[in-house]
Amino acid sequence: MATTRIIIAVLYVLLAPFVIGLLDGFDRKISARMQGRRGPSVLQPFFDIKKLFEKEFLTANKQQLFMIYSYVFFIVLSGVIFFAGFDLLLVVFSLSTAAMFLILAATSTHSPFSSQGTHRELVQIMSCEPMELLVAVGFYLATKTFNVNEIVMNSTYSNIIYLPGFFVGFVFILTIKFRKSPFDISTSHHAHQEVIKGVTSEMVGKEYGMVTLAEWYENAILLGIVGLFFLNSNPLSVIGAIVAILVVWFLEILIDNTSARVKWQLMLKLAWGVTIVAAGMNLFLLEIIMG
């Protein structure tokens with residue numbers, strides 16, 4: 001069992017960028033078709049990141065470089081913890097730590113564009129963090145453990161049965177985490193909303209390539225959590241989890257292409273409102289059922 005968990009963690013490190021990069025390519029292609037365009041090749045994200053890493057290495061200062069390295073490290077560490085089947089709560093805290101390093105990297109340049117993006121990034125973190133923590137709490141209440149491996153192996157049925165409100169709330173904040181409209185206020189996933197890139201304005205070449213790579217690793221974790229709602233001790237549940245992940249992924253693309261950016265005040269109200277209503281009601285009912 002320990003060997004299997006190590007293999008899965010290693011596969012995450014090796015394959016996550018390729019899987020998410022390919023999904024990103026299909027995202028661009030589908031988005032283009034929704035907008036009446038032909039769109040780029042599905043391999044375009046790989047061409048883009050290859051071009052970034054081939055550029056001359058430039059950095060605003062040594063502090064920014066250290067912060068970006070730390071950001072990448074904690075994102076990858078979070079994924080290893082999750083896919084190796086360890087503590088889900090630790091995964092949430094590790095992702096929060098990574099986000100702080102991204103913010104520090106942006107503010108270290110003293111650029112007004114990065115500073116504005118940083119302020120918006122902090123608002124996005126405020127919007128997402130409560131729901132992320134509540135998802136971990138929801139899994140604990142449903143399975144009596146934070147351990148990802150035990151959540152899967154000890155569940156006879158998929159936990160979506162007990163956690164529908166948590167699932168709805170988590171899918172809602174995924175739009176924020178994926179940096180898609182209408183909540184891409186700090187930096188946009190696609191370049192259709194802004195000229196200045198927000199929190200990543202002063203990151204170029206290999207630095208921006210590392211940030212992009214880290215975002216791919218993070219997206220793999222977030223989609224993995226979506227799958228966790230559907231996984232159980234039955235190996236066939238993997239098929240259901242993959243289908244659910246693809247449905248949620250397509251839903252995020254659809255939302256992105258049918259929505260215009262909203263102000264941060266509305267984003268915060270909507271995120272906290274969905275968290276309180278969906279997760280709060282589910283938490284109340286879960287206490288009654290499990291009690």
Side-chain angles (χ1 to χ4, degrees), residues 12-55 68 71-72 75-76 79 99 102 106 113 117 120-121 124 128 170-227 241-262 267:
Y12 160 76
V13 175
L14 297 178
L15 299 181
F18 296 99
V19 175
I20 301 302
L22 194 60
L23 286 177
D24 191 14
F26 279 108
D27 182 339
R28 298 186 189 188
K29 177 69 75 173
I30 294 171
S31 295
R33 293 300 173 89
M34 287 181 177
Q35 297 166 16
R37 299 183 288 110
R38 180 177 179 180
S41 164
V42 294
L43 299 179
Q44 189 61 45
F46 299 109
F47 299 148
D48 292 343
I49 201 166
K50 177 177 178 290
K51 182 172 65 177
L52 288 171
F53 279 107
E54 288 176 346
K55 289 181 178 290
I68 291 175
Y71 171 62
V72 176
I75 289 289
V76 176
L102 178 63
F113 301 115
R120 294 178 175 182
E121 184 74 13
Q124 290 192 179
C128 295
F170 187 72
V171 170
F172 185 88
I173 67 161
L174 278 185
T175 310
I176 303 173
K177 299 293 289 184
F178 287 165
R179 306 185 185 284
K180 291 182 176 293
S181 297
F183 305 130
D184 53 341
I185 65 171
S186 68
T187 185
S188 201
H189 173 65
H190 292 307
H192 59 76
Q193 288 275 45
E194 57 193 2
V195 177
I196 302 300
K197 202 67 173 71
V199 72
T200 56
S201 294
E202 300 300 320
M203 300 175 190
V204 296
K206 291 181 175 66
E207 282 192 344
Y208 187 57
M210 286 188 287
V211 171
T212 302
L213 197 61
E215 288 180 349
W216 287 0
Y217 276 113
E218 183 180 15
N219 290 349
I221 300 170
L222 297 171
L223 292 176
I225 295 175
V226 171
I242 293 174
V243 171
I245 288 171
L246 293 176
V247 170
V248 169
W249 169 76
F250 180 78
L251 178 63
E252 295 297 340
I253 297 175
L254 183 62
I255 294 171
D256 184 40
N257 286 279
T258 55
S259 307
R261 178 181 292 173
V262 299
M267 181 191 71

> Looking at every non-hydrogen atom in both residues, tell me the closest pair between Ala260 and Pro182 and how far apart they are.
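Closest pair (atom of Ala260, atom of Pro182, distance): O-CB, 3.1 Å.
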> Keeping the roles fixed (side chain from Asp256, backbone from Ser181), state whether a donor-acceptor pair exists under 3.5 Å.
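At least one qualifying donor-acceptor pair exists.
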> Side chains of Lys177 and Asn219, heavy atoms from C-beta outward: is any pair under 4.5 Å?
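The answer is no, as the side chains (C-beta and beyond) never meet within the 4.5 Å cut-off.
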> Any side-chain heavy-atom pair from Val199 and Arg120 closer than 4.5 angstrom?
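Side chain of Val199 against side chain of Arg120, heavy atoms only: no contact under 4.5 Å found.
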> Glu252 versus Leu174: any side-chain heavy-atom pair under 4.5 Å?
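Yes, their side chains come closer than 4.5 Å.
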> Residues in side chain to side chain contact (heavy atoms under 4.5 Å, CB included) with Ala214, at least two apart?
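With neighbours one apart ignored, the set is Tyr71, Val72, Ile75.
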> Going by the ring-ring contact (aromatic ring centres under 6.0 Å, His included) test, which pairs reach into residues 21-46, not counting sequence neighbours?
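Those involving residues 21-46 are Phe46-Trp216.
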> Minimum heavy-atom separation for Ala32 and Gly39, please, with both atom names.
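Looks like CB-CA, 3.3 Å.
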> Does Lys50 have any side-chain hydrogen bond (donor to acceptor under 3.5 Å, both in side chains) partners at least two apart in sequence or in another chain, and if so, which?
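By the side-chain hydrogen bond (donor to acceptor under 3.5 Å, both in side chains) rule, Lys50 matches Glu54.
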> Taking only Lys NZ, Arg NE, NH1 and NH2, and the carboxylate oxygens of Asp or Glu, determine whether Arg179 and Glu121 approach each other closer than 4.0 Å.
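Glu121 and Arg179: salt-bridged.
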> Short question: side chain of Tyr208, backbone of Phe53 - any donor-acceptor pair under 3.5 Å?
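A pair under 3.5 Å: no.
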> Flag the pair Phe178 / Thr175 as yes when at least one side-chain heavy-atom distance between them is below 4.5 Å, and no otherwise.
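Not touching, per the 4.5 Å side-chain cut-off.
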> Heavy-atom distance under 4.5 Å between the side chains of Pro17 and Ile49, does that happen here?
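Side chain of Pro17 against side chain of Ile49, heavy atoms only: no contact under 4.5 Å found.
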> Would you say the side chain of Phe250 lies within less than 4.5 Å of the side chain of Ile30, judging by non-hydrogen atoms?
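In contact.
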> Quick check for you: to the nearest 0.5 Å, what is the distance between Leu223 atom CG and Leu23 atom CG?
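Here the rounded value is 7.0 Å.
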> If the threshold is 4.0 Å, N to carboxylate O, is there a salt bridge linking Arg28 and Asp48?
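So Arg28 pairs with Asp48 through a salt bridge.
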> Heavy-atom distance under 4.5 Å between the side chains of Ile20 and Glu218, does that happen here?
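No - every pair of side-chain heavy atoms lies 4.5 Å or more apart.
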> Any idea which heavy atoms bring Pro45 and Gly21 closest together, and the distance?
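Answer, listing the atom of Pro45 first, then Gly21: CG-O, 3.6 Å.
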> Within this structure, what is the OG1-CD1 distance for the pair Thr258 and Ile253, rounded to the nearest 0.5 Å?
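Separation between the atoms: 11.5 Å.
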> Nearest 0.5 Å, please: how far is CD in Glu207 from CG in Leu52?
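Leu52 CG to Glu207 CD: 11.5 Å, rounded to 0.5 Å.
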> Verify the ring-centre separation between Tyr217 and Tyr12: is it less than 6.0 angstrom?
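Between Tyr12 and Tyr217, the centre distance is under 6.0 Å.
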> Would Lys180 and Asp27 count as a salt bridge (Lys or Arg N to Asp or Glu O under 4.0 Å) if you check the C-alpha gap in whole Å, the side-chain angles of each, and the deciding distance to 0.1 Å?
CA-CA 11 Å; Lys180 291 182 176 293; Asp27 182 339; 2.6 Å; yes
> What's the shortest heavy-atom distance between Lys29 and Arg38, and which atoms?
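The pair with the smallest heavy-atom distance is CD-O, 3.4 Å.
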> Side chains of Asn257 and Gln35: closer than 4.5 Å at any heavy-atom pair?
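Yes, close enough: below the 4.5 Å cut-off.
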